[in-house]
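The structure appears right after this line, and notes come after that.
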Amino acid sequence: MKFSRYNVFAQNGDALFILNTLHGNFAKVIIDVDKIYSALMGDREIPQCHIGFMKKNYFVVDDDVDEFEECIKFSRSMVEGGNILNLIILPTEKCNFSCVYCYECHNGESLKEHDIDLIVEFAKKHLKGKRGLNVSWFGGEPLIKVSMIRKLSLKLLELCYSYKISYTADMTTNGYLLDSALVNELKKLHIYSYQVTIDGLCNTHDRQRYLTSGKGTWNKIIENLKDIKENCHSGVMRFVIRTNISREIYAEYKEFVNFLSSNFSRDSRFHFLFRPVSDWGNIDESVKDTFITQSEYEEIILYALNKELFNVALQIAITPGGNLCYAWKKIVMLYGQMEMLGNVQFL
C-alpha cells in the first residue's frame, strides 16, 4: 500500500484534514491524528485499523496503481464530456447591459426561426450513445430572446423524451428580466439553475453594471431575487449570486456580505460565487486599476464564510476537474447565423 500522490493534508489543533484531489474525497480525522499524520509524512506505517477507511476513500492505494495514468484518463473524460451532450446556446449576442469590465462584443447575431430545426438536427446527430442532454443558455443576455428559449426548449425536450434520455438546462443571466413568474414558467422547460450577478451595494453595482441607456440596475435585480425567493416554492431550483470583486467592492465588502447574508443566506436554494475582476481580454485598460490582490480576495472569502455564505468557488476548487474551463471541454457553442452550423467545432 502507498499514500496517494494526490493527497493534500493539514493538521489543525486536534483534527487532521485530508483531501484527495484526484477523486474529490475529503475527511476530517479526529482519532489517532498524530499516528496518521506521521504516516502521511512518511515517518511510520499506516495504522492497520485505518487501512480500510483510507483505501475506500483513495487516500491510500495499492502499490501497483499508476495514479498518473488514472489522472490522464480522468482528464480525457472531462474533456470528452462522458455520456452527456453539452450545448451552450446563445439566443443572442446582444445585451441590455453595458458593464464596464465586459469582454464580449454585443453587436453580433441572434438565432432565427429557421435555426431551431438546425439545432435540433444537430442534437439528434450527436445524441447517439448519450444518456442525456444539458443546455446552458448564455449570451449576451439570453432573456432578450425568451421566445426563442421557449420554442427551442420544447423541441429539445420532445427530442429527449423520444430518445428516453434526460434533459437539463441552466442559464447565465443579468437578472434584470428574471422575475418569479418567468422562473416558474421556465421551470416547466427544465431550467432549474440560474447565475445572476450583483456587484456590491446599489451605488457600486450601478457604476459597474448599468443598462445601455445608462440607467442603474441594482434595485430591479434585487426586487426580482426577493420576488423569486418568496414566490418560487420549488426545492429543485438553484440560484447562484455572483459578484465580480473590484477594489470598490472590496472597500465595502462587509456591508455587502451582511446584506446578502440577511436577505438570502437562510434559503438553501441561494448560493454565492465571489470572483475577483480579471483581465479576460477586450476590456478598458483603466479597469485593471480596480483589481484586488489574492490576500484581499481571501479576506472576503473568510468573512463571507463566517456569515454563512459559502463561496461556490471553493467547491469548484476542490471538485476534480472543477476549474477546467468549458473552452477545454467537448462542448458545442451555438449562436447567430446558424447556416454556419456545419462548421461549428467542438471546443
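In what follows, every heavy atom counts, from backbone to side chain, and hydrogens, waters and symmetry copies are set aside.
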May I ask you to decide whether K124 forms a salt bridge with E121, counting only side-chain N to carboxylate O separations under 4.0 Å? yes
Evaluate the side chain to side chain contact (heavy atoms under 4.5 Å, CB included) criterion for residues Y303 and N258: first the C-alpha distance (whole Å), next the side-chain angles of each, then the deciding distance (0.1 Å), finally the verdict. CA-CA 10 Å; Y303 186 81; N258 291 343; 3.0 Å; yes
Should the heavy atoms of other residues, nucleotides or ligands under 6.0 Å from CD of E255 be counted, would the total exceed 12? yes
Can you see whether E308 engages S261 through a side-chain donor-acceptor pair at a distance of less than 3.5 angstrom? no
Quick one: NZ on K188 to OG on S153, what's the gap to the nearest 0.5 Å? 14.0 Å
Is the closest side-chain heavy-atom distance between M237 and Y194 below 4.5 Å? yes
Just say parallel, tilted or perpendicular for the rings of H126 and F122, cut-offs at 30° and 60°. tilted
Cut-off 3.5 Å, side chains only: do N96 and N174 have a donor facing an acceptor? yes
Indicate whether any N or O donor in one side chain lies under 3.5 Å from an N or O acceptor in the other, for S295 and E298. no
Over 60° means perpendicular and under 30° means parallel, so tell me whether Y58 and H23 are parallel, tilted or perpendicular. parallel
Side chains of D34 and Q11: do they bring a donor and an acceptor to under 3.5 Å? yes
Exercise: do N20 and S4 side chains pair donor with acceptor under 3.5 Å: yes
In terms of side-chain geometry, is the basic nitrogen of D62 or K55 positioned less than 4.0 Å from the acidic oxygen of its partner? yes
Take the angle between the ring planes of F9 and Y37 and call it parallel below 30°, perpendicular above 60°, tilted in between. perpendicular
Assigning hydrophobic clusters by single linkage (Ile, Leu, Val, Met, Phe, Trp, Tyr; side-chain heavy-atom cutoff under 4.5 Å), is M171 placed with L189? yes
Report yes if the distance between the aromatic ring centroids of W218 and F97 is under 6.0 Å, otherwise no. no
So which atom in D206 and which in T217 form the shortest heavy-atom distance, rounded to 0.1 Å? OD1-N, 2.9 Å
Least distance between heavy atoms, D199 atom then R242 atom: OD1-O, 4.4 Å
Over 12 foreign heavy atoms within 6.0 Å of CD, E45: no
Could you tell me which non-hydrogen atom of V236 sits nearest to which non-hydrogen atom of S234, and how far apart they are? CG2-OG, 3.0 Å
Rounding to 0.5 Å, atoms CD1 (I191) and CG (D170) come to a distance of 8.5 Å
List the atom of D227, the atom of S180, and the distance in Å for their closest heavy-atom pair. OD2-OG, 2.8 Å
Would you check if there is a donor-acceptor pair between the side chains of S246 and Q208 at a distance under 3.5 Å? yes
Linking I/L/V/M/F/W/Y whenever their side-chain heavy atoms sit closer than 4.5 Å, directly or via other members, would V135 and I119 fall into one cluster? yes
If we only count heavy atoms from C-beta on, is the F272 to V257 side-chain gap below 4.5 Å? no
Exam field: side chain N134 to backbone N86, donor-acceptor pair closer than 3.5 Å: no
Is I18 reachable from F26 through a run of I, L, V, M, F, W or Y residues, each pair having side-chain heavy atoms under 4.5 Å apart? no
What are the two closest heavy atoms between L16 and A10, and how far apart are they? CD1-O, 3.5 Å
Side chains of R5 and N7 only: does a donor on one sit below 3.5 Å from an acceptor on the other? no
Minimal non-hydrogen separation, V183 against I228, with atom names: CG2-CD1, 3.7 Å
Report the distance from atom CD1 of I249 to atom CD1 of I300, rounding to the nearest 0.5 Å. 8.0 Å
Over 12 foreign heavy atoms within 6.0 Å of NZ, K155: no
Ring centers of Y250, Y253 separated by less than 6.0 Å: yes
Is it true that S110 and T92 share a donor-acceptor pair across their side chains at a distance under 3.5 Å? yes
